[in-house]
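What you are looking at is a predicted structure, and each value in this text was computed from that prediction instead of being measured.
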Amino acid sequence: MSDFLIIDENGIFCPYGKFYLDAKHAVDTVVVSHAHGDHAVPGCGAVYTTAPTKYFMDHRYGKRSGKQFHIIGDDEPFIINNVVLTFYPAGHMLGSVSVLMVYRGVRYLYTGDYKLQEDETCDPVHFVQADVLITESTFANPSIRHPDPIEEIMKLNTTTFPILLGTYALGKAQRLTALINTYCPQKTVLLHHSIIPFHRIYERFGFTRWNYLAYNRKQMKGYKEDLIYLVPPLTFNSYFKASNLLKVFASGWKRLQERNNIELFISDHVDWYDIKETIAVVKPREIWTLHGDGKYLSEFYDDRISVKHL
């Protein structure tokens, strides 16, 4: 059904189920794939999501988080207005899911944000077959291939100089902490105050073996060897005049590597080759793309699979 999902001013709407997927603004009923701010907004009525996502939203939005939460486990079908939905791990971050929707015998799989790379800070991605694959296409370009995150993180071992490491506070900061602890064990991880509450929520869900400290200005200013200070993007950008440290930003975007001392290509999204692997497993008859540009997928699959951009 070409109109099973439509895009309006509030985001991705399913008119047959009367719910939104990752709404952009407050709506009556929403299914939230994960807790990043461009997917989870405050003020909605009925919110269907996972337990970690609710904790993250409650921390970020407080009493405005949502009026009525429905906490759904993986592989537990539930119904919203005759549409049967099931969550499966998306591998993007803790609590992230893809959403299988079945209506009139047709299976629609919405990926949300997802990745195939191994990540000990969240459940690995799990795919099921579907008639329609609704996939993010942020990096759906044959020229982009994400490198091995272990090889990337080990670049930090090439210096003992203090490092200012820019990262997103939720999901990426926890993944980086785990990677640094494992592959750069001599490094001391310092956390910006805005990142620590998210680490605490991860600990609530069993991630209790990480080594890190709250940021201590005296430590950083003392130019102690092997310090890595994790900061969110705004703080990272405010340090543009900082000296006596190396600047690094963890991202899959090349533009965010410019003018930094070390390139660190660590992404929590799928690249071109991951999307092709996903399509091979899901075996869709149609592909609908979100974000980015789906033109390369359309050209590649040509008359084999119909591709359209929502």
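Residues forming a ring-ring contact (aromatic ring centres under 6.0 Å, His included) with Y16 (at least two apart in sequence, or on another chain): Y103. D22 meets the salt bridge (charged side-chain N to carboxylate O under 4.0 Å, His left out) test with no other residue; sequence neighbours excluded. The side chain to side chain contact (heavy atoms under 4.5 Å, CB included) test applied to R107 returns L100, V102, V128, A130, D131, not counting sequence neighbours. Taking the side chain to side chain contact (heavy atoms under 4.5 Å, CB included) definition, one finds that Y239 meets it with L164, Y215, Y229, T235, A242, sequence neighbours left out. A search for salt bridge (charged side-chain N to carboxylate O under 4.0 Å, His left out) contacts involving E263 returns K254, not counting sequence neighbours. With sequence neighbours excluded, no residue forms a side chain to side chain contact (heavy atoms under 4.5 Å, CB included) with E9. Partners of R255 by side chain to side chain contact (heavy atoms under 4.5 Å, CB included), not counting sequence neighbours, listed by chain and number: W253, E258.
Residues D8 and Y20 bring a donor and an acceptor atom of their side chains to less than 3.5 Å of each other. Between the side chains of D148 and Q117, no donor-acceptor pair of N or O atoms lies under 3.5 Å. At a cut-off of 3.5 Å, with distance as the only test, a side-chain donor of S194 or H192 sits close to an acceptor on the other residue.
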Stepwise side chain to side chain donor-acceptor pair (under 3.5 Å) check, Y114 with T135: CA-CA 9 Å; Y114 67 113; T135 177; 2.8 Å; yes
Worked verdict on Y61 versus R64 for side-chain contact (heavy atoms from CB on, under 4.5 Å): CA-CA 5 Å; Y61 303 128; R64 300 183 299 119; 4.1 Å; yes
Intermediate values then yes/no, side chain to side chain donor-acceptor pair (under 3.5 Å), H36 and D113: CA-CA 10 Å; H36 282 146; D113 290 346; 4.9 Å; no
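Legend: salt bridge (charged side-chain N to carboxylate O under 4.0 Å, His left out) pairs involving residues 151-178, not counting sequence neighbours, sorted by first then second residue: D119-R175, E152-K155, K172-D268, R175-D268.
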Without placing hydrogens or testing angles, list every side-chain donor-acceptor pair under 3.5 Å for residues 68-89, not counting sequence neighbours.
residue	atom	partner	partner atom	Å
E76	OE1	G73	N	3.2
N81	ND2	G17	O	2.8

Can you give the donor-acceptor pairs under 3.5 Å from side chains of residues 201-209 to other protein atoms, not counting sequence neighbours?
residue	atom	partner	partner atom	Å
Y202	OH	L94	N	3.4
E203	OE2	Y212	OH	2.5
R204	NH1	Y55	OH	3.4

What side-chain donor-acceptor pairs closer than 3.5 Å can you find for residues 303-310, not counting sequence neighbours?
residue	atom	partner	partner atom	Å
R304	NH2	F300	O	2.6
K308	NZ	S2	O	3.2
H309	ND1	T289	O	3.3
H309	ND1	T289	OG1	2.6

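In this structure the side chain of L116 never reaches within 4.5 angstrom of the side chain of Y273, judged on heavy atoms. Contact check for F19 versus M101: side-chain heavy atoms found under the 4.5 Å cut-off. Side-chain contact between L165 and L176 is present, with heavy atoms from C-beta onward closer than 4.5 Å.
For H146 and H269, the distance between ring centers is not under 6.0 angstrom.
One finds the CD1 atom of I153 at 5.0 Å from the CG atom of L264 (value rounded to the nearest 0.5 Å). Taken to the nearest 0.5 Å, the CD1 atom of I144 stands 11.5 Å off from the CG atom of D274.
W288 is connected to V31 through a chain of hydrophobic side-chain contacts under 4.5 Å among Ile, Leu, Val, Met, Phe, Trp and Tyr, so both are in one cluster.
Using cut-offs of 30° and 60° for the angle between ring planes, the Y108 and F4 rings count as parallel.
V41 shares a hydrophobic cluster with no other residue; no ILVMFWY side chain has heavy atoms under 4.5 Å from its own.
T53 places no side-chain N or O within 3.5 Å of a backbone atom of T49 that could act as its donor or acceptor partner.
Closest non-hydrogen pair, I12 versus L290, comes out as CD1-CD1, 3.7 Å.
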